[in-house]
Amino acid sequence: MVAHLIQAQKVDTLRKEQAPSKRPEDKITLSLYERVIWDAQGNVRYDENIVSNFKLNPWLRGEGGIRFGHRPEKFDSYYHYKLELQTKSFWQTVRFFVRLSNDINKSNPVYTRSYYLAVAEVRRPLLKSFSFLAALGQVLTTQRDNSSDATPSFSGTQTNYLAYKVGLRHTKEKGFVEAMVGNYDVFNPYMPSNSFVQMHFERDLSKRVSFTSNLRYQFNTSLDKPLSYFIIAGVRIHFTK
């Protein structure tokens with residue numbers, strides 16, 4: 001009996017040694033990606049995005065980003081920046097974040113739009129390689145027409161609405177695929193009537209670099225009424241401890 005127990009321990013140790021190791025928690029990530037967007041009328045725009053996520057302490061992470069946008073009629077057409085504070089995932093299930101972002105549109109119509117967003121996100125495993133995402137929050141948007149002032153403000157026309165997401169992720173050895181529907185992304189919250197469905201792909205190219213891509217369809221009120229189409233592709237660079 002003792003011999004059998006010793007052999008079982010050896011086999012268990014060997015299995016642990018052979019199991020693939022998870023990437024350590026990233027101290028910093030840097031995402032660089034391009035978006036190409038065209039609306040139902042055929043108007044096209046595109047933008048470059050730089051987003052950094054970084055660990056502040058064992059409980060909190062920060063995220064900051066900037067977007068430079070272009071249209072055929074005006075190269076320097078719009079830009080967008082964001083600042084975000086995120087909690088850790090409590091019980092490996094729920095996290096919270098608050099975000100301030102500012103969208104400055106320099107093409108007609110000229111306006112500055114400030115977004116204030118607070119969200120709770122829950123992710124739960126369903127099967128060995130599947131997990132479910134559900135999120136709910138609140139958005140306050142303020143818009144100042146005929147202004148290109150980049151300073152956040154509560155003045156102007158105010159609008160309140162819900163932020164939400166529902167998704168299903170399939171995790172693989174070197175990445176994941178996720179299908180979701182919602183009305184907020186890395187920078188923008190949208191009115192619930194202008195929600196989108198999306199397929200998100202991510203795959204590790206190396207220990208430090210991942211390829212990431214999204215195919216998104218945004219609709220107006222109902223799925224059969226297209227508003228915009230998005231193709232998004234880029235890389236995420238990981239800096240571990």
Quick one, [X] and [Y] - any side-chain contact, counting heavy atoms below 4.5 Å?
| X | Y | value |
| --- | --- | --- |
| Leu117 | Val98 | no |
| Ser153 | Arg144 | yes |
| Leu85 | Leu56 | yes |
| Arg124 | Thr93 | yes |

Hey, can you tell me if [X] and [Y] have their rings parallel, tilted or perpendicular (30° and 60° cut-offs)?
| X | Y | answer |
| --- | --- | --- |
| Trp38 | Tyr229 | parallel |
| Tyr116 | Phe154 | parallel |
| Phe90 | Trp59 | tilted |
| Tyr46 | His70 | tilted |

If you compare all heavy atoms of [X] against all heavy atoms of [Y], which two are closest, and at what distance to 0.1 Å?
| X | Y | value |
| --- | --- | --- |
| Tyr164 | Ser195 | OH-OG, 2.8 Å |
| Asn49 | Arg35 | ND2-CG, 3.7 Å |
| Tyr79 | Asp103 | O-OD1, 3.6 Å |
| Asn102 | Ala150 | ND2-O, 2.7 Å |
| Ser228 | Ile37 | CB-CG2, 4.1 Å |
| Tyr115 | Asn188 | OH-ND2, 4.2 Å |

Taking the basic N atoms (NZ, or NE/NH1/NH2) and the acidic carboxylate oxygens, is any pair closer than 4.0 Å for Lys165 and Glu178?
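Salt bridge absent between Lys165 and Glu178.
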
Could you tell me whether Glu25 and Lys88 make a salt bridge, using a distance below 4.0 angstrom between a side-chain N and a carboxylate O?
no

If you count heavy atoms of other groups shown closer than 6.0 angstrom to CD of Gln92, is the number above 12?
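No, not enclosed.
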
How many angstroms lie between [atom1] in [X] and [atom2] in [Y], if you round to the nearest 0.5 Å?
| X | Y | atom1 | atom2 | result |
| --- | --- | --- | --- | --- |
| Met199 | Asn214 | CE | CG | 10.0 Å |
| Arg216 | Ile231 | CZ | CD1 | 12.0 Å |
| Lys74 | Asn108 | NZ | CG | 9.0 Å |
| Gln218 | Lys225 | CD | NZ | 15.0 Å |
| Glu202 | Asp204 | CD | CG | 7.0 Å |
| Phe176 | Thr212 | CZ | OG1 | 6.0 Å |

Using modelled atom types and a 3.5 Å cut-off, is there a donor and acceptor pairing between side-chain atoms of Tyr81 and backbone atoms of Gly64?
no

Ser213 side chain to Phe201 backbone, donor-acceptor under 3.5 Å:
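Not confirmed, Ser213 side chain does not pair with Phe201 backbone.
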
[X] side chain to [Y] side chain, donor-acceptor N/O pair below 3.5 angstrom:
| X | Y | answer |
| --- | --- | --- |
| Gln86 | Asn53 | yes |
| Asp149 | Thr151 | yes |
| Asn160 | Gln158 | no |
| Ser31 | Arg236 | yes |
| Arg99 | Tyr184 | no |

As a quick check of understanding, evaluate side-chain contact (heavy atoms from CB on, under 4.5 Å) for Glu63 and Phe97, giving each step before the final call.
CA-CA 10 Å; Glu63 187 166 284; Phe97 73 83; over 6 Å; no

The single option from Ser114, Ser148, Ser77 that satisfies side-chain contact (heavy atoms from CB on, under 4.5 Å) with Ile104 is Ser148

As a quick check of understanding, evaluate side chain to side chain donor-acceptor pair (under 3.5 Å) for Ser193 and Tyr161, giving each step before the final call.
CA-CA 10 Å; Ser193 58; Tyr161 51 91; over 6 Å; no

Count I, L, V, M, F, W, Y as connected when their side-chain heavy atoms are under 4.5 Å apart, and connections chain through other members. Are Phe211 and Phe239 then in the same cluster?
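As far as the 4.5 Å side-chain criterion goes, Phe239 and Phe211 are connected within one cluster.
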
